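In this text, all values refer to a predicted model and were calculated from it rather than measured experimentally. In the text below, chain A, chain B and the rest are named by the order of the sequence lines, each starting its count at 1.
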2 protein chains.
Amino acid sequence: MALEHALLVALSEQPAAGLELARRFEKSIGFFWHATHQQIYRVLARMEADGWVTVEEVAQTGRPAKKVYAVSASGAAVLRDWLATPVPMEAFRSELAVKMRGASYGDRAALLEVVRAARADHEARLQHYRQLEARDYPQPGQLTGAELDQHLVLRGGIRLEEFWIAWLDDYLAAHDAAAHPVKKEQSA
Amino acid sequence: MALEHALLVALSEQPAAGLELARRFEKSIGFFWHATHQQIYRVLARMEADGWVTVEEVAQTGRPAKKVYAVSASGAAVLRDWLATPVPMEAFRSELAVKMRGASYGDRAALLEVVRAARADHEARLQHYRQLEARDYPQPGQLTGAELDQHLVLRGGIRLEEFWIAWLDDYLAAHDAAAHPVKKEQSA
DNA sequence: CAGCCCTATGCAACTCGTTGCAAGGTGGTG
DNA sequence: CACCACCTTGCAACGAGTTGCATAGGGCTG
């Protein structure tokens with residue numbers, strides 16, 4: 001029951017059609033929420049039936065017409081209520097973490113390779129986020145309102161990637177140390 | 001398709017029945033994976049049908065008999081293969097993050113209260129994890145094998161909670177600053 | 001113009017996960 | 001004994017989310 005509300009946030013920022021929303025999700029709200037276009041279409045249809053959004057068919061030259069959705073008054077009220085509702089403690093879920101925990105029941109070298117690959121992915125994403133930040137928020141001290149919130153959430157995305165990199169480095173270092181133990185007291 | 005493998009990891013550490021597994025999930029692997037007992041029962045049944053685990057009915061005094069599951073040879077092979085398989089980039093999903101982004105479309109004071117409550121939850125969980133670490137891993141430098149991995153994953157849980165607290169503090173501080181702006185150049 | 005890709009919307013089928021409930025047994029309390 | 005609490009397993013129904021495919025128009029290329 002939360003994709004609806006994420007869409008209300010996105011449509012409050014800017015009315016849009018299904019595919020546009022899907023694309024925006026990938027590049028901005030998508031730090032912390034992901035959805036396929038199928039799901040977005042279905043939820044938009046339900047939201048329209050519930051009167052949370054209004055639709056306007058917009059013809060385009062050289063392209064099929066699109067249905068542009070905008071938040072209605074009742075949708076805005078729903079969003080307002082939702083924003084004031086406490087969130088239950090959120091569960092984090094990571095397949096990689098399960099693998100790291102289970103490493104000793106498989107080929108450890110192969111698993112370390114998997115971890116290194118994941119670390120590279122997070123590194124790449126971190127760089128991407130930092131570029132976004134430099135491009136879109138060159139003067140963070142001056143922001144207010146929606147822009148301030150958007151920047152703070154992007155900061156969260158950056159912090160999250162930093163968390164991953166630090167943790168995975170921790171893991172890799174510990175297993176390097178275990179593989180090549182440094183003898184402190186006696187040596188060769 | 002990943003709960004199966006998480007269960008294989010848990011059962012490799014220690015054979016167990018459905019409810020025991022559900023409870024262990026809550027307190028250890030549960031840092032990074034959560035599952036209800038219903039789901040665990042269903043998946044265990046499927047895994048047994050697939051020959052990944054073996055079952056032994058164990059009678060108990062004063063309690064209903066339980067079905068203790070253990071990893072079979074073919075289950076161990078499946079786990080081994082899975083551990084060596086690369087993980088696709090994982091999507092993080094947070095309702096709270098969406099709310100923080102949408103704050104300006106609702107009552108900001110109410111939302112800041114929601115954020116403070118979430119911060120308190122993460123703080124409490126962090127303290128809990130730190131106690132677990134002090135109790136179960138007093139000498140982290142000496143660990144090897146499965147214990148080392150378990151400790152490193154707990155370290156990940158700790159780092160994750162630290163990420164949340166730092167981020168939420170960031171958010172709260174920015175909105176405090178926006179509410180009570182400090183005039184640097186001119187004052188009163 | 002045939003073939004392919006892009007945009008835009010959408011259906012159908014499936015898996016995953018949650019919620020509510022129940023059966024059947026034991027133990028403890030008033 | 002009646003009642004409640006708890007343990008263990010499980011069913012049924014629902015909602016969320018993914019994957020594959022379909023349709024229908026337009027543009028580009030050989």
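When heavy atoms are screened at a 4.0 angstrom cut-off, A/A17 is found touching the sugar-phosphate backbone but no base atom.
Under 4.0 angstrom from either OP1 or OP2 of C/dT18 there lies at least one side-chain N or O belonging to B/H34. Here A/R23 reaches the OP1 or OP2 of C/dA8: one of its side-chain N or O atoms lies under 4.0 Å away. Phosphate proximity of C/dG10 to A/Y41: absent, as no side-chain N or O sits under 4.0 Å from OP1 or OP2.
Both the sub-6.0 Å distance and the 45° axial angle are satisfied by A/R93 relative to the ring of B/W33.
Each of A/R42 and B/K66 lies near DNA chain D, and the nucleotide nearest B/K66 is the one positioned closer to the 5' end. Mapping B/R93 and B/K67 onto DNA chain D via the closest heavy atom, the residue that lands nearer the 5' end is B/K67.
Here D/dG10 presents its P atom at 15 Å from CZ of B/R46, a figure rounded to the nearest Å. Atom pair B/L7:CG and C/dC16:C1' shows a separation of 13 Å (rounding to whole Å applied). The distance between atom CG of A/L3 and atom C1' of D/dG15, rounded to the nearest whole Å, is 12 Å. For the pair A/E57 CD and D/dG25 C1', the interatomic distance rounds to 14 Å; values are reported in whole Å. Between the CD1 atom of B/I40 and the C1' atom of D/dC11 there is a distance of 17 Å, rounded to whole Å. Summarising the geometry, the separation between CG on B/L21 and P on D/dG10 is reported as 13 Å, rounded to the nearest angstrom. Taking atom CD of B/Q39 as the reference point, atom P of C/dT19 lies 11 Å away to the nearest angstrom. Spacing between atom CD of A/E4 and atom P of D/dA16 amounts to 6 Å, rounded to whole angstrom units.
Between the side chain of B/Q38 and the base of C/dG17, no donor-acceptor pair under 3.5 Å is found.
The existence of a salt bridge linking B/D149 and A/R108 is confirmed by a sub-4.0 Å separation between a basic side-chain nitrogen and an acidic carboxylate oxygen.
The side chain of A/H37 lies closest to C/dG10, out of C/dG10, D/dC11, D/dT9.
The aromatic rings of B/F163 and B/F92 lie perpendicular to each other, with more than 60° between the two planes, well past the 30° mark.
Between A/Q127 and the options A/E123, A/Q131, A/R125, a side-chain hydrogen bond (donor to acceptor under 3.5 Å, both in side chains) holds for only A/E123.
In this model, no donor atom of one side chain and acceptor atom of the other lie less than 3.5 Å apart for A/Q14 and A/E20.
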